[in-house]
Amino acid sequence: MTNLKNLRGMVDLLPAQTLGWQKVETIALEHFSRAGLQEIRTPIIEQTELFLRGIGENTDVVGKEMYNFDDRGGRPCTLRPEGTASVARAILQHGLLNNGSQRLWYRGPMFRYERPQAGRQRQFHQIGVEFVGFASVMSDAEVISIAWEFLKEVGLSDLTLEINSLGSNEDRNIFKEKLKDWLNQRFDFLDEDSQRRINVNPLRILDSKNTSTKELLCEAPSLNDFLSKKSKTRFNYLQELLDNLNIPYKINNKLVRGLDYYSHTAFEITSEHLGSQATVCGGGRYDGLLSELGGPITPSIGWAIGMERLIILAGDKILQSKSPDVYVIHKGEKAEQLALNITCQLRSANLTTELDYSGSSFSKQFKRADKSLARWAIIIGEDEVSKGQLLMKKLRDNENKEGREEYIFLIEDLNQIINQLID
RNA sequence: GCGGGCGUCGCCAAGUGGUUAAGGCAGCGGCUUGUGGCGCCGCUAUUCGGGGGUUCGAAUCCCCUCGCUCGCCCCA
């Protein structure tokens with residue numbers, strides 16, 4: 001074995017997995033097209049400043065998880081830790097909003113320098129949706145429903161949707177101050193992490209997993225009580241819309257997303273089957289992001305799904321590989337060219353075809369044909385070549401284990417025969 | 001960044017100081033020189049993540065290191 005290995009947290013997708021990924025990606029493409037979304041692809045490397053301004057310098061993602069480096073020209077660069085900031089940047093840079101609001105989706109690798117564990121890697125893949133330039137609560141509901149229906153279409157169940165409203169920036173700033181006061185009065189009872197966060201990112205303390213802090217927080221002021229009338233009405237209407245769509249949800253007043261740019265709607269879709277990294281989809285409204293990056297005030301909402309987590313939840317079923325329609329068996333020098341020829345013809349006729357060129361005995365080749373789970377075998381030996389014929393045998397007929405059907409036909413009749421025999 | 005667990009063939013593993021490192025799956029070959037799914041037979045680790053040390057002797061004990069994994073933090 002070579003001592004060259006992949007970097008920690010970077011994962012190879014082997015042939016046994018890629019089919020499942022392809023299936024999910026195909027479902028996504030179709031699902032999003034039907035919803036009128038267009039795909040956008042942005043570079044995986046950006047100027048570091050984009051993320052500093054977009055995500056927030058005090059977030060963990062920016063503070064300790066980014067892959068930063070200077071390029072040969074000395075420019076500070078970062079491997080993107082998430083997709084939204086890049087999408088926002090591209091929209092502004094190319095003036096896409098001049099053509100109206102944008103309904104977009106993206107997919108691709110993201111990078112965060114963290115300690116890997118179940119459902120968490122340093123290079124991971126997200127598939128995400130961004131509705132840029134939409135203020136209507138209806139867009140919140142539609143964006144959530146696109147995620148929900150997509151996950152259902154992939155076959156996931158036992159999912160929980162949690163929603164919360166972070167209110168407007170003004171609502172949240174008032175609340176932050178009140179919360180800080182309250183926490184400072186109880187400083188000694190907080191866990192170390194939470195103590196550190198009071199001035200940096202007090203909202204995140206609400207989401208603490210520390211048991212004693214959690215208990216203490218039951219009495220804490222709730223963001224909900226600080227929402228303006230307008231924000232409350234908005235949140236209530238979102239719930240009404242979700243009810244109308246029959247999408248079940250739970251309100252979680254402690255739900256605060258980790259990135260600075262969120263306001264109003266925040267949501268997460270979680271599963272109990274993922275271990276401690278339970279979130280499969282996270283998103284929310286980011287009305288302030290584009291203006292933060294120097295663009296116009298642009299109300300927007302989006303989400304991202306972790307592909308690896310999605311694949312874990314989809315389970316083995318989605319990973320099963322496709323078996324060939326036909327397995328081509330041949331023996332003898334004269335049969336080689338014909339076998340290759342027939343294989344290509346079958347593929348032109350849209351049949352999945354596997355060609356055996358081991359040159360081993362017919363018995364061995366049949367064994368492999370059987371193992372491949374092919375439905376049919378085409379056998380080409382010396383006899384067939386000299387007579388201009390092909391022999392075809394049905395392999396997967398559990399009724400007649402002894403006398404499986406065999407057909408002999410002329411090579412020039414190949415196309416007719418395939419149409420008759422195979423579906 | 002901090003804690004716990006683990007590293008023996010492609011995969012799953014037995015072995016816990018003493019001659020050639022079990023076994024199963026997968027792979028390859030044969031029984032069967034043109035017919036599969038069962039069965040039987042054979043082959044496949046000079047080596048136990050790597051490096052040092054202790055010992056007459058180490059996969060087994062000690063030290064260091066690397067990696068994996070689970071959890072914390074955080075997030076998808």
Side-chain angles (χ1 to χ4, degrees), chain A residues 1-3 5-9 11 14 16 55 59-66 81-84 107-128 147 151 191-194 196-197 201 204-205 207-211 255-259 268-271 274-283 302-313 327 329-332 335 356 358-374 376-385 391-398 401-404 406:
Chain A
M1 216 230 296
T2 170
N3 52 8
K5 296 176 79 174
N6 58 337
L7 252 20
R8 153 166 261 207
V11 176
L14 301 178
I55 301 175
T59 60
D60 283 326
V61 168
V62 172
K64 57 179 201 190
E65 295 171 3
M66 293 207 301
E82 55 105 50
T84 305
R107 61 178 147 176
M110 307 294 163
F111 303 83
R112 290 183 198 172
Y113 195 89
E114 297 181 87
R115 191 89 174 249
Q117 66 185 75
R120 195 172 75 191
Q121 302 165 187
R122 289 183 172 180
Q123 175 176 340
F124 61 104
H125 296 79
Q126 288 187 334
I127 197 158
L151 293 173
D191 62 280
E192 211 177 305
D193 273 318
S194 299
R196 181 176 52 80
R197 275 205 194 102
N201 199 347
R204 285 233 49 96
I205 299 175
D207 206 22
S208 170
K209 270 109 191 162
N210 182 286
T211 322
L255 174 65
V256 181
R257 315 247 57 248
L259 314 183
E268 255 181 29
I269 298 173
T270 57
S271 166
L274 276 175
S276 66
Q277 308 302 320
T279 307
V280 66
C281 173
W303 50 253
I305 282 175
M307 274 292 283
E308 283 81 2
R309 293 182 188 175
L310 168 52
I311 296 281
I312 291 170
L313 290 174
Y327 192 96
I329 288 172
H330 72 100
K331 191 155 177 63
D356 191 315
S358 65
S360 37
S361 69
F362 279 103
S363 171
K364 282 294 166 199
Q365 294 195 55
F366 267 101
K367 277 191 180 169
R368 274 193 285 268
D370 186 60
K371 187 152 275 176
S372 80
L373 300 177
W376 294 87
I378 282 184
I379 299 94
I380 306 168
E382 307 270 325
D383 293 356
E384 283 74 19
V385 175
L391 175 62
M392 195 162 169
K393 182 172 181 177
K394 195 171 191 178
L395 293 178
R396 318 219 64 74
D397 180 352
N398 291 320
K401 288 203 174 179
E402 299 309 315
R404 292 273 161 73
E406 289 191 347

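A note on names: the letters A, B, ... follow the listed sequences, proteins ahead of strands, and every chain is numbered from 1.
Put simply, the residue from Thr279(A), Ile269(A), Leu151(A) that forms a side chain to side chain contact (heavy atoms under 4.5 Å, CB included) with Ile305(A) is Leu151(A).
OP1 and OP2 of C70(B) both lie 4.0 Å or more from every side-chain N or O belonging to Gln117(A). At least one side-chain nitrogen or oxygen of Arg368(A) sits closer than 4.0 Å to the OP1 or OP2 atom of G29(B). Put simply, Lys371(A) has a side-chain N or O that comes within less than 4.0 Å of OP1 or OP2 on G27(B).
With U69(B), C70(B), G37(B) as the candidates, the nucleotide lying closest to the side chain of Arg396(A) is G37(B). Taking only side-chain atoms of Arg8(A), from C-beta outward, the nucleotide of A76(B), G37(B), U69(B) with the closest atom is U69(B). Considering only side-chain atoms of Arg115(A), the nucleotide from G71(B), G34(B), A76(B) that sits closest is G71(B). Side chain of Ala118(A), nearest nucleotide from G36(B), C75(B), G71(B): G71(B). Nearest nucleotide to the Phe366(A) side chain, out of G36(B), G1(B), A76(B): G36(B). Residue Gln277(A) has its side chain nearest to C73(B) when only G37(B), C73(B), G29(B) are considered. In this structure, of G34(B), G30(B), A76(B), it is G30(B) that holds the atom nearest to the side chain of Lys367(A). Nearest to the side chain of Phe362(A), among G29(B), G34(B), C72(B), sits G34(B).
Using a 4.0 Å heavy-atom distance criterion, Gln123(A) is classed as making no nucleic acid contact.
Across the protein-nucleic acid pair, Leu274(A) atom CG and G71(B) atom P stand 10 Å apart, rounded to whole Å. C73(B) atom P lies 18 Å from atom CZ of Arg122(A), rounded to whole Å. Leu151(A) has its CG atom 11 Å from the C1' atom of A76(B), to the nearest Å.
Atom P of G50(B) sits at a distance of 16 Å from the matching atom of C68(B), rounded to the whole Å. Rounded to a whole angstrom, the distance from the C1' atom of G30(B) to that of C66(B) is 43 Å.
Nearest-nucleotide positions on RNA chain B place Asn6(A) closer to the 5' end than the other of Asn6(A) and Arg309(A). The 5' end of RNA chain B is approached more closely, in terms of each residue's nearest nucleotide, by Gly9(A) than by the other of Gly9(A) and Gln121(A).
With rounding to the nearest 0.5 Å, the separation of CZ in Arg122(A) from CG in Asn6(A) is 11.5 Å.
Looking only at distances, a side-chain donor or acceptor of Gln365(A) sits under 3.5 Å from a matching main-chain atom of Ser360(A).
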